[in-house]
Participant: 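This is the structure, below, for whatever I ask next.
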Amino acid sequence: MTLTDIAIQNLRRRKGKTAFLLLTFILVIGITVTLNTLAKGMQDNLQKSLTQYGANVEITPKSEHFTLSYGGLSIPGVNYEIKSLNNNILAKIKTSTNLMINGIAPKIIGSAVSVSNHFLVIGVDFPSELKMKPWWHIQGRQPADGEVIIGSNLARQGNLVVGSTLELNHQTYPVVGVMQETGGSEDNGVFTNFDTSRAITGIDSWSMIELNTSDPDKTTVSLAKLLPEANVAEVSQLVQGTKESVDRFSNFSLIVSSLLGIIGVLIVFVTTTGNINDRIAELGILRAIGFRRRHILSILIQEISLVSLSGGVLGFFLGLLTPTLLGPIAFQKAVTFQLHPLMALLSIGASVLIGIVSIVLPARRAILLDPLAALSYI
Amino acid sequence: MSLIRVCEATKTYRGGDGVVEALKNVNLEIAEGEFLALMGPSGSGKSTLLSILGGLNPPTSGKLIIDDIDVYALAPERLADFRHEYVGFVFQQYQLIPYLTALENVMLPLAISSRPGKEQREMALAVLDKVGLTSKSLRLPSQLSGGEQNRVAIARAIVNQPAIIFADEPTGSLDSKTAVELLELFQALNRDGLTIIMVTHNKENLEWVSRTVYIRDGVLASMPQET
């Protein structure tokens with residue numbers, strides 16, 4: 001027989017009190033984990049949206065702008081000292097390991113003329129571009145050297161189809177694809193690869209570099225320091241509103257979790273104080289037969305540790321399962337079951353800590369009581 | 001040679017009516033192997049004296065020497081060790097731990113020893129056999145009669161092979177037949193060399209003991225004559 005056996009037997013045979021304490025821990029930890037799992041699920045979904053779709057950081061050449069004004073009348077100014085984005089910039093971005101970049105899409109953007117029209121010519125790397133913009137659907141194929149694809153408006157206005165030719169700066173280029181309507185500026189563009197766009201526009205540096213990153217805020221700040229010769233801007237996304245909602249929900253979860261922690265400590269404190277008061281005489285007997293104070297403390301701590309640990313583990317799994325089961329009903333969204341080791345460690349650790357903190361005062365009182373005084377409770 | 005020596009022990013309590021002197025300059029020597037009865041009317045100080053003798057209640061002044069150890073000069077945790085090693089208690093209401101079986105209750109004093117579990121179990125079963133309760137070793141206290149609970153309490157008191165047993169009104173809540181069985185058990189243990197000090201108010205119990213100490217108003221006195 002050990003002190004642990006005494007603690008276990010007490011918990012086993014005082015089923016009602018043990019069950020109440022266990023339930024308290026399960027609910028406190030369960031609700032906390034549920035809220036945090038939901039918040040994390042929402043953050044993950046948002047992050048997935050951010051990383052899957054579109055560019056969220058844009059790099060453009062830096063230029064100084066000069067505004068002309070006279071008598072309150074402003075006239076369009078001029079750009080001067082336009083700096084170019086060369087290959088060194090691209091190399092710098094690619095070799096920076098702390099930027100969390102998922103995709104890089106540099107572009108050469110210029111113009112070309114035909115007999116009657118001006119055209120916007122965009123040179124891209126199609127594999128990178130299509131990865132970042134999965135809504136681009138090309139009827140036909142991607143262009144090789146000396147070939148182009150055109151936006152849907154352009155095709156409609158010029159009656160151009162796959163197989164037609166397009167005259168740009170006195171050269172004829174076969175149209176090998178037509179991009180389906182996107183509702184954006186792509187609908188009026190002529191797309192080709194880098195070599196052909198350089199040949200058409202005569203531009204040798206990058207006009208713009210679009211990036212997709214997991215953390216646009218941080219990446220923008222880092223890149224602004226890394227590339228002083230360029231303008232780095234975060235592209236506002238529609239998900240910004242969602243992000244704010246998710247942030248609000250995360251803060252709400254944190255506040256509720258903290259409140260639950262405090263309420264948990266109070267409930268467990270009141271319950272354990274009551275339990276220990278009921279057992280003062282019993283602890284007096286143990287002291288009378290030679291148990292040291294540390295023996296009594298060890299029994300009390302082992303009891304609360306066993307209950308809080310079990311409650312923490314059960315509460316954690318309840319907290320993980322609840323969003324999976326209730327997510328589709330409450331949020332019209334499936335929440336996938338994911339085991340988060342850090343969350344497990346924190347929630348179970350918090351449960352044990354709540355237990356230990358709650359028992360400190362009543363346990364101290366119990367062990368400081370002299371045996372005869374404790375026996376007088378009989 | 002005395003096993004226990006009480007020297008000029010005084011105990012005072014502060015209560016609502018001021019200071020109460022429960023014991024007044026008590027001197028007492030108890031030899032090893034005695035079966036001593038502490039007798040006296042209610043409120044005479046016999047239970048106070050027993051608790052002082054048992055290392056549970058330090059006297060306001062005076063000394064308790066057991067086996068040449070100045071008991072109340074020990075630090076609190078050493079005093080607990082002393083009780084564990086030298087003393088076994090049988091309380092008036094048995095005071096078994098309600099959620100432990102008879103066997104587990106008997107094993108309690110061994111739980112803080114370094115003895116392995118198997119040895120603890122064997123020792124506990126041996127003393128349960130001695131008090132005639134082997135067959136009920138797995139019952140909870142609530143499933144035992146008063147006499148059986150008393151026997152478990154005695155088994156718990158002797159399992160650690162202490163030098164002295166202190167019993168506070170052990171027959172107080174037993175019928176006469178069970179009380180006799182209990183006193184016979186105490187006598188058998190005493191014959192095995194155990195020193196037993198028993199508080200009782202029942203004169204019928206005195207025929208089982210080797211010496212009686214009478215206490216009245218906190219002082220040792222001579223036994224009153226039957227009228």
Side-chain angles (χ1 to χ4, degrees), chain A residues 1-21 272 274-304 306-307 364-378, chain B residues 11 47-48 50-52 54-58 75-101 103-121 123-124 140-142 153 156-157 159-160 162 166 168:
Chain A
M1 180 132 163
T2 60
L3 299 179
T4 308
D5 294 330
I6 298 172
I8 291 172
Q9 297 297 42
N10 175 41
L11 295 176
R12 259 188 62 201
R13 298 200 175 118
R14 293 182 169 183
K15 288 189 176 70
K17 285 175 180 170
T18 305
F20 180 77
L21 263 183
T272 49
N275 284 353
I276 289 175
N277 282 344
D278 290 348
R279 294 169 67 193
I280 290 286
E282 171 196 322
L283 300 179
I285 294 163
L286 296 180
R287 293 279 287 139
I289 63 176
F291 277 55
R292 284 180 160 213
R293 285 174 179 155
R294 67 177 169 83
H295 294 134
I296 308 280
L297 191 64
S298 169
I299 292 170
L300 296 176
I301 286 182
Q302 286 189 58
E303 283 174 9
I304 200 71
L306 282 168
V307 177
R364 189 171 175 276
R365 200 173 76 84
I367 62 167
L368 288 180
L369 209 60
D370 86 36
L372 196 68
L375 285 167
S376 70
Y377 278 67
I378 293 164
Chain B
K11 185 74 187 181
S47 287
T48 299
L50 189 83
S51 64
I52 289 174
L56 290 171
N57 189 12
E77 295 300 71
R78 287 292 305 137
L79 186 57
D81 295 343
F82 171 84
R83 286 195 296 268
H84 184 241
E85 194 179 336
Y86 277 84
V87 174
F89 286 99
V90 180
F91 300 102
Q92 194 172 2
Q93 297 297 324
Y94 329 128
Q95 297 315 323
L96 301 177
I97 307 291
Y99 53 83
L100 298 178
T101 62
L103 179 65
E104 288 164 343
N105 263 291
V106 175
M107 285 166 77
L108 261 184
L110 305 172
I112 50 172
S113 69
S114 54
R115 290 187 175 90
K118 194 181 168 199
E119 190 185 335
Q120 288 183 25
R121 196 180 165 81
M123 287 174 77
L140 291 171
S142 57
R156 182 179 66 188
V159 71
N160 209 27
F166 293 100
D168 190 3

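Just so we're on the same page: letters track the sequence lines, and every chain starts at 1.
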Participant: Non-hydrogen atoms of chain A under 4.5 Å away: do they reach the side chain of B/Thr101, the backbone, both or neither?
Facilitator: both

Participant: Output the option from B/Arg115, B/Arg83, B/His84, B/Arg78 having the highest count of non-hydrogen pairs under 4.5 Å with chain A.
Facilitator: B/Arg83

Participant: If every non-hydrogen atom of A/Ile285 is compared with every non-hydrogen atom of B/Phe91, which pair is closest and at what distance?
Facilitator: CG2-CE1, 4.3 Å

Participant: When rounded to the nearest 0.5 angstrom, what distance separates CD1 in A/Ile6 from CG in B/Asn105?
Facilitator: 9.5 Å

Participant: Below 4.5 Å from any heavy atom of chain A, which atoms of B/Pro98 appear? Answer side chain, backbone, both or neither.
Facilitator: side chain

Participant: Rounded to the nearest 0.5 Å, what's the gap from CD1 on B/Ile97 to CG on A/Leu283? Could you check?
Facilitator: 8.0 Å

Participant: If you measure from CG on B/Leu79 to CZ on A/Arg292, what distance do you get to the nearest 0.5 Å?
Facilitator: 10.5 Å

Participant: Given heavy-atom pairs under 4.5 angstrom as the criterion, report whether the side chain, backbone, both or neither of B/Glu104 touches chain A.
Facilitator: both

Participant: Measure A/Leu286 against the heavy atoms of chain B and call it side chain, backbone, both or neither at under 4.5 Å.
Facilitator: side chain

Participant: Quick check: does any side chain N or O of B/Glu77 sit under 3.5 Å from a backbone N or O of A/Arg293, one acting as donor and the other as acceptor?
Facilitator: yes

Participant: Taking non-hydrogen atoms and a cut-off under 4.5 angstrom, which of residues 10-19 of chain A neighbour chain B?
Facilitator: A/Asn10, A/Arg13, A/Arg14

Participant: Evaluate whether atom CZ of B/Phe82 has more than 12 neighbouring non-hydrogen atoms of other residues, nucleotides or ligands under 6.0 angstrom away.
Facilitator: yes

Participant: For B/Ile112 versus A/Gly290, what's the shortest heavy-atom pair and its separation?
Facilitator: CD1-O, 3.3 Å

Participant: Compare every heavy atom of B/Ala111 with every heavy atom of A/Phe291, then report the nearest pair and how far apart it is.
Facilitator: CZ-CB, 4.4 Å

Participant: Check whether B/Gln120 reaches the backbone of A/Met1 with its side chain - one donor and one acceptor, N or O, closer than 3.5 Å.
Facilitator: yes

